[in-house]
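In what follows, a structure is listed as structure tokens, so that the remarks can point back to it.
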Amino acid sequence: MVEWTDFERATIKDIFSKIEYDVVGPATLARCLVVYPWTQRYFGKFGNLYNAAGIAENAMVSKHGITILHGLDRAVKNMDDIKNTYAELSVLHSEKLHVDPDNFKLLADCLTIVVAARFGNGFTGEVQAAFQKFMAVVVSSLGKQYH
Amino acid sequence: MSLSDKDKAAVVALWGKIGKSADVIGNDALSRMIVVYPETKTYFSHWPDLAPGSPHIKAHGKKVMGGIALAVTKIDDLKAGLFDLSEQHAYKLRVDPSNFKILNHCILVVISIMFPKEFTPEAHVSLDKFLSGVALALAERYR
């Protein structure tokens with residue numbers, strides 16, 4: 001079981017209570033599709049992903065970015081059992097969506113960078129450590145049901 | 001994933017905007033790395049003070065970013081341009097190359113914080129490719 005300090009719990013709740021989901025979600029997914037273009041393989045039906053501008057303006061990307069970010073809400077609410085909270089989602093990503101679990105880390109890194117820009121100097125080393133620990137648990141849990 | 005002309009131009013352009021803050025970036029990136037990835041402290045056991053922004057960290061951050069600045073000028077041939085630095089890392093410092101990725105990530109986070117407008121997704125991908133190239137060139141002489 002993952003042990004969380006009071007600081008880590010407070011930091012995660014604080015971050016997710018402050019971010020604008022309809023800005024951070026689209027920005028994160030769009031950045032991932034640009035910085036790691038092979039991740040576009042999962043979005044063949046999304047239309048124009050030809051360049052950064054197209055990706056940034058793509059309504060399906062924006063909508064899906066918001067969906068993904070809200071997917072993290074359950075982990076925020078259940079920090080003491082993220083593994084079981086995400087068991088079903090893990091099966092979905094493995095059996096139905098066929099997403100290479102290495103990609104979860106790429107998206108997590110993009111989210112870290114977008115959140116860092118949003119919080120500026122408030123995103124201290126300690127805050128970054130807590131956020132990355134949280135995302136590492138999320139990433140690990142999403143990959144747990146793959147076989 | 002070698003650097004295209006577009007990547008090189010993007011890196012040079014971005015460096016033009018952020019280069020004068022290199023010392024601050026280096027200090028923050030290194031301070032942050034030690035906090036976020038405590039295993040990296042093993043390379044600095046000879047420093048009495050590992051608190052963020054300590055004189056040792058400040059000086060070392062400056063040194064590291066000096067290396068990045070050099071790499072920008074040698075962007076057309078990182079392997080040749082960073083040969084001496086690679087030898088130093090291989091035979092003297094012996095930093096495990098997995099740590100280059102870690103520090104690169106911290107550098108990207110700091111740039112995202114300090115230059116959110118300039119650090120667009122396009123600038124990000126080119127800089128990420130560049131820093132990966134630097135890491136590769138630094139590891140060149142390891143074995």
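- Residue contact with chain A, scored on non-hydrogen atoms closer than 4.5 Å, is absent for B:Ser126.
- The local environment of CD in A:Glu88 is sparse, with at most 12 non-hydrogen atoms from other residues, nucleotides or ligands closer than 6.0 Å.
- Annotation: A:Lys13, atom NZ; neighbour count of heavy atoms from other residues, nucleotides and ligands within 6.0 Å is above 12.
- Between B:Val35 and A:Gln128, every side-chain heavy-atom pair lies at or beyond the 4.5 Å cut-off.
- For the residue pair B:Tyr37 and A:Gln132, the shortest heavy atom distance occurs at OH-NE2, 2.7 Å.
- The local environment of NZ in A:Lys63 is sparse, with at most 12 non-hydrogen atoms from other residues, nucleotides or ligands closer than 6.0 Å.
- Annotation: side chain of A:Thr112 is in contact with side chain of B:His105 (closest heavy-atom distance under 4.5 Å).
- Looking only at side-chain heavy atoms (C-beta outward), B:Ile113 and A:Phe119 stay at 4.5 Å or farther from each other.
- Under the 4.5 Å side-chain contact rule for hydrophobic residues, A:Val115 and A:Val23 do not share a cluster.
- With respect to chain B, the highest number of heavy-atom pairs below 4.5 Å among A:Gly122, A:Ala116, A:Ala130, A:Ala52 belongs to A:Ala116.
- Just one of A:Val114, A:Ile55, A:Val34 meets the side chain to side chain contact (heavy atoms under 4.5 Å, CB included) condition when paired with B:Pro121; it is A:Val34.
- Within 6.0 Å of NZ on A:Lys83 lie no more than 12 heavy atoms contributed by other residues, nucleotides or ligands.
- Counting non-hydrogen atoms of other residues, nucleotides and ligands closer than 6.0 Å to OH of A:Tyr50 gives a total of 12 or fewer.
- For the atom pair A:Thr124 OG1 and B:Asp28 CG, the distance stands at 9.5 Å (nearest 0.5 Å).
- Around CG of B:Asp49, the count of heavy atoms belonging to other residues, nucleotides or ligands within 6.0 Å exceeds 12.
- With a 4.5 Å cut-off on non-hydrogen atoms, A:Asn51 does not touch chain B at all.
- Contact check for B:Asp128 versus A:Tyr36: side-chain heavy atoms found under the 4.5 Å cut-off.
- In this structure, B:Lys58 places its NZ atom where only 12 or fewer heavy-atom neighbours from other residues, nucleotides or ligands lie under 6.0 Å away.
- Looking at every heavy atom in both residues, B:Met1 comes nearest to A:Trp38 through SD-CZ3, 3.8 Å.
- A donor-acceptor distance shorter than 3.5 angstrom exists from the side chain of B:Ser112 to the backbone of A:Ile113, with no hydrogens or angles considered.
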